[in-house]
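Contents: one structure, followed by commentary.
Labels below follow one simple rule: chain letters A, B, ... track the order of the sequence lines, proteins then strands, and each chain is numbered from 1.
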There are 2 protein chains.
Amino acid sequence: MMHRNKVRAQSELTPVQSENAKAPKRRRLSPALRREQIVEGASAYFAEAGLDGTTRDLSARLGITQSLLYAYFNTKGELIEAVYNRLYLDRISPEWPELIRDRTRPLGGRLHQFYTEYAAAIFSYEWMRIFMFSGLAGADLNRRYLEHLSTLILRPILIEIETAARSPHRPVLEDIWDLHGGIVYIGIRKFVYRMAAPDDYEPIIRCTLNRFLHYYGIEPVSPPGN
Amino acid sequence: MMHRNKVRAQSELTPVQSENAKAPKRRRLSPALRREQIVEGASAYFAEAGLDGTTRDLSARLGITQSLLYAYFNTKGELIEAVYNRLYLDRISPEWPELIRDRTRPLGGRLHQFYTEYAAAIFSYEWMRIFMFSGLAGADLNRRYLEHLSTLILRPILIEIETAARSPHRPVLEDIWDLHGGIVYIGIRKFVYRMAAPDDYEPIIRCTLNRFLHYYGIEPVSPPGN
DNA sequence: ACCCTTATTGATCATTTGTTCATTAAGCTG
DNA sequence: CAGCTTAATGAACAAATGATCAATAAGGGT
């Protein structure tokens with residue numbers, strides 16, 4: 001005998017408390033809304049538990065029954081696919097390639113803005129961990145995302161550095177991956193390994209960028225007060 | 001006639017023995033040997049399937065029964081623990097801190113040797129993936145490993161850079177993490193995201209190091225032919 | 001207020017998976 | 001060879017898990 005009424009008993013004790021209690025009564029939402037709520041909750045849950053997390057745990061966290069998930073997704077895989085879409089969709093801002101190529105501004109400032117915004121975009125518990133989980137699971141989405149990133153962001157950066165370089169050194173794409181990896185690794189340390197990491201990413205991003213630019217004889221990023 | 005048993009056991013591994021050699025005869029190994037074989041197989045298997053891989057799949061791959069696993073490990077968790085030990089144990093060579101601090105040699109050469117050896121040590125399918133899986137699972141081992149690395153390797157590198165620096169710039173530990181992360185990210189791209197990566201890590205490691213050293217006014221690494 | 005559509009539930013099924021244990025046989029010793 | 005220790009097997013159990021479906025009730029339309 002399983003005592004599944006645990007959640008129910010909990011919710012009955014707190015009928016309409018707004019804190020963390022869920023309504024004991026059955027709530028009927030519009031399909032669009034419910035679906036949105038499920039995908040959002042699934043993102044948070046799978047980021048924590050991994051893609052092997054169970055549909056029962058997820059539904060319990062959402063305050064709905066497990067079978068309801070199957071009214072919106074034919075299979076658990078479909079649900080995970082929806083999580084992928086929500087997470088990856090438009091994660092690469094279409095403005096970034098323009099920003100990087102905008103030669104009316106100093107290259108340092110462009111890269112600084114890009115990496116500050118990029119860090120803000122991906123340095124989240126959900127994104128970092130689900131990206132890693134799906135990468136390990138062999139999801140093709142990861143490779144596609146990174147190919148996309150390489151084409152739209154890293155190659156333009158490479159070209160801009162080559163163009164702006166005033167030292168004898170010239171970078172190859174692998175050098176841009178090194179720049180990128182050094183910054184992304186901050187997020188990996190924080191969200192995958194759960195190590196202490198700086199609250200503000202700006203100083204280390206700026207320093208990393210300056211070190212990179214310096215090698216190619218490009219002027220450093222202006223201090224943030226600029 | 002003579003050493004029939006032994007020969008038989010050996011030739012048992014070769015598939016084309018008799019017509020329907022499908023039924024694998026039960027092989028009786030010494031506990032130490034069998035345990036070693038299991039842990040090795042488990043490392044390979046869990047690296048591929050993740051720590052949620054099943055004991056049944058593992059035993060099938062090892063060519064033994066699933067229940068035999070429990071003759072050597074009381075629980076699946078214990079088996080995974082054994083995999084951790086096999087993988088992490090002595091992964092940080094005790095000679096590296098000495099190497100890094102050996103001021104009779106140029107700093108660039110020391111760091112180059114260290115990172116070449118370090119890459120050779122951890123850039124393997126098994127290490128990279130299991131480290132990532134266990135990190136995501138929240139295994140304390142990861143944090144301990146990285147703390148260890150920070151204390152024994154990164155801090156000494158920081159001190160050596162500070163000491164050797166001839167430019168106005170001075171690094172903080174986070175800068176060393178950036179250097180480290182940029183290099184480690186090569187392995188992450190290759191083994192987690194399964195992207196194309198250079199076969200020989202030496203050139204990019206050298207270039208990354210030189211870029212780093214250049215910022216602090218430290219002489220570059222000598223070319224490999226030196 | 002009363003339908004009536006359908007979002008939601010509860011029960012249930014079929015597998016999967018970790019774990020246990022009595023039984024079997026491999027291979028060393030006398 | 002015979003006997004004996006114990007490595008190894010095969011069958012089984014309990015809990016967990018993905019998935020299904022008839023029954024229920026929430027809440028909008030009239």
Side-chain angles (χ1 to χ4, degrees), chain A residues 1-9 11-12 16 22-39 41-42 45-46 49-83, chain B residues 1-13 22-39 41-42 45-46 49-83 137:
Chain A
M1 282 297 218
M2 307 230 304
H3 296 47
R4 203 56 93 45
N5 50 8
K6 187 180 173 187
V7 172
R8 178 160 268 217
S11 56
E12 271 181 315
V16 197
K22 292 143 193 160
K25 278 165 63 179
R26 164 192 299 202
R27 284 177 306 180
R28 192 184 166 107
L29 300 187
S30 76
L33 209 64
R34 179 67 81 188
R35 191 192 154 94
E36 177 60 28
Q37 177 211 20
I38 289 176
V39 176
Y45 172 69
F46 286 128
L51 303 179
D52 291 299
T54 71
T55 54
R56 279 179 174 77
D57 279 353
L58 169 59
S59 63
R61 175 185 285 216
L62 285 167
I64 61 176
T65 55
Q66 182 233 4
S67 51
L68 185 56
L69 297 175
Y70 288 88
Y72 292 88
F73 303 94
N74 291 320
T75 167
K76 184 189 172 187
E78 265 187 27
L79 172 55
I80 290 176
E81 206 67 33
V83 169
Chain B
M1 287 298 207
M2 307 183 278
H3 304 20
R4 207 162 153 80
N5 316 334
K6 228 180 184 176
V7 173
R8 250 222 184 141
Q10 256 179 342
S11 62
E12 182 79 14
L13 293 173
K22 280 191 176 182
K25 277 168 64 179
R26 162 191 301 204
R27 284 176 304 181
R28 193 183 166 108
L29 300 187
S30 75
L33 209 65
R34 180 68 80 187
R35 192 191 153 95
E36 176 60 26
Q37 178 212 18
I38 289 176
V39 176
Y45 171 70
F46 286 127
L51 303 179
D52 292 299
T54 71
T55 54
R56 279 179 173 79
D57 280 350
L58 169 58
S59 63
R61 176 186 285 216
L62 285 167
I64 62 177
T65 55
Q66 181 226 10
S67 51
L68 185 56
L69 296 175
Y70 288 87
Y72 292 87
F73 303 94
N74 290 320
T75 168
K76 185 189 172 189
E78 265 187 29
L79 171 56
I80 289 176
E81 206 67 33
V83 169

Counting just side-chain N and O atoms, does A:Tyr72 come under 4.0 Å of either OP1 or OP2 of C:dT8?
yes

Apply side-chain hydrogen bond (donor to acceptor under 3.5 Å, both in side chains) to B:Glu81 and list each qualifying residue two or more places apart in sequence or on a separate chain.
none

How long is the line joining CD1 of B:Ile64 and P of D:dA7, in whole Å?
13 Å

Heavy-atom side-chain contact between A:Arg27 and A:Ile64 under 4.5 Å
no

For B:Arg61, side-chain contact (heavy atoms from CB on, under 4.5 Å) partners two or more places apart
B:Ala44, B:Tyr45, B:Glu48

Donor-acceptor pairs under 3.5 Å, side chain of residues 67-79 of chain A to any protein atom, not counting sequence neighbours: which ones?
{"unit_1": "A:Asn74", "atom_1": "ND2", "unit_2": "A:Glu78", "atom_2": "OE2", "d": "3.3"}
{"unit_1": "A:Thr75", "atom_1": "OG1", "unit_2": "A:Gly77", "atom_2": "N", "d": "3.3"}
{"unit_1": "A:Lys76", "atom_1": "NZ", "unit_2": "A:Leu51", "atom_2": "O", "d": "3.1"}
{"unit_1": "A:Lys76", "atom_1": "NZ", "unit_2": "A:Gly53", "atom_2": "O", "d": "2.8"}
{"unit_1": "A:Glu78", "atom_1": "OE1", "unit_2": "A:Asn74", "atom_2": "N", "d": "3.1"}

Find the distance A:Ile80:CD1 to D:dT17:P and express it as a whole number of Å.
14 Å

Looking at residues at least two apart in the chain, or sitting in another chain, which of them share a side-chain hydrogen bond (donor to acceptor under 3.5 Å, both in side chains) with B:Arg56?
none

Check the distance between D:dA8's P and B:Ile38's CD1 and give it to me in whole angstrom.
8 Å

Round to a whole Å and report the spacing from CG of B:Leu69 to C1' of D:dT9.
12 Å

Grab the CG-C1' distance between B:Leu68 and C:dA25 for me, whole Å please.
14 Å

Along nucleotides 18-27 of chain D, 5' to 3', which nucleotides get a B, which get an S, and which get a -, given that the test is a protein heavy-atom distance under 4.0 Å?
BBBB--BBBS

Separation of D:dT17 P from A:Phe46 CZ (nearest whole Å):
12 Å

For A:Thr55, all residues meeting side-chain hydrogen bond (donor to acceptor under 3.5 Å, both in side chains), sequence neighbours excluded:
A:Gln66

Take A:Ile38 and A:Arg34 through the test side chain to side chain contact (heavy atoms under 4.5 Å, CB included) and record every step on the way to the result.
CA-CA 6 Å; A:Ile38 289 176; A:Arg34 179 67 81 188; 4.0 Å; yes

Result for 5'-nearest mapping on DNA chain C, choosing between A:Ala71 and B:Asp57, is A:Ala71

Considering non-hydrogen atoms only, spot the tightest contact between B:Val83 and B:Ala42 and give its length.
CG2-CB, 3.7 Å

Can you give me the bend angle of the helix from C:dA1-D:dT30 to C:dG30-D:dC1? Use the axis through the first five pairs and the one through the last five, nearest 10 degrees.
0°

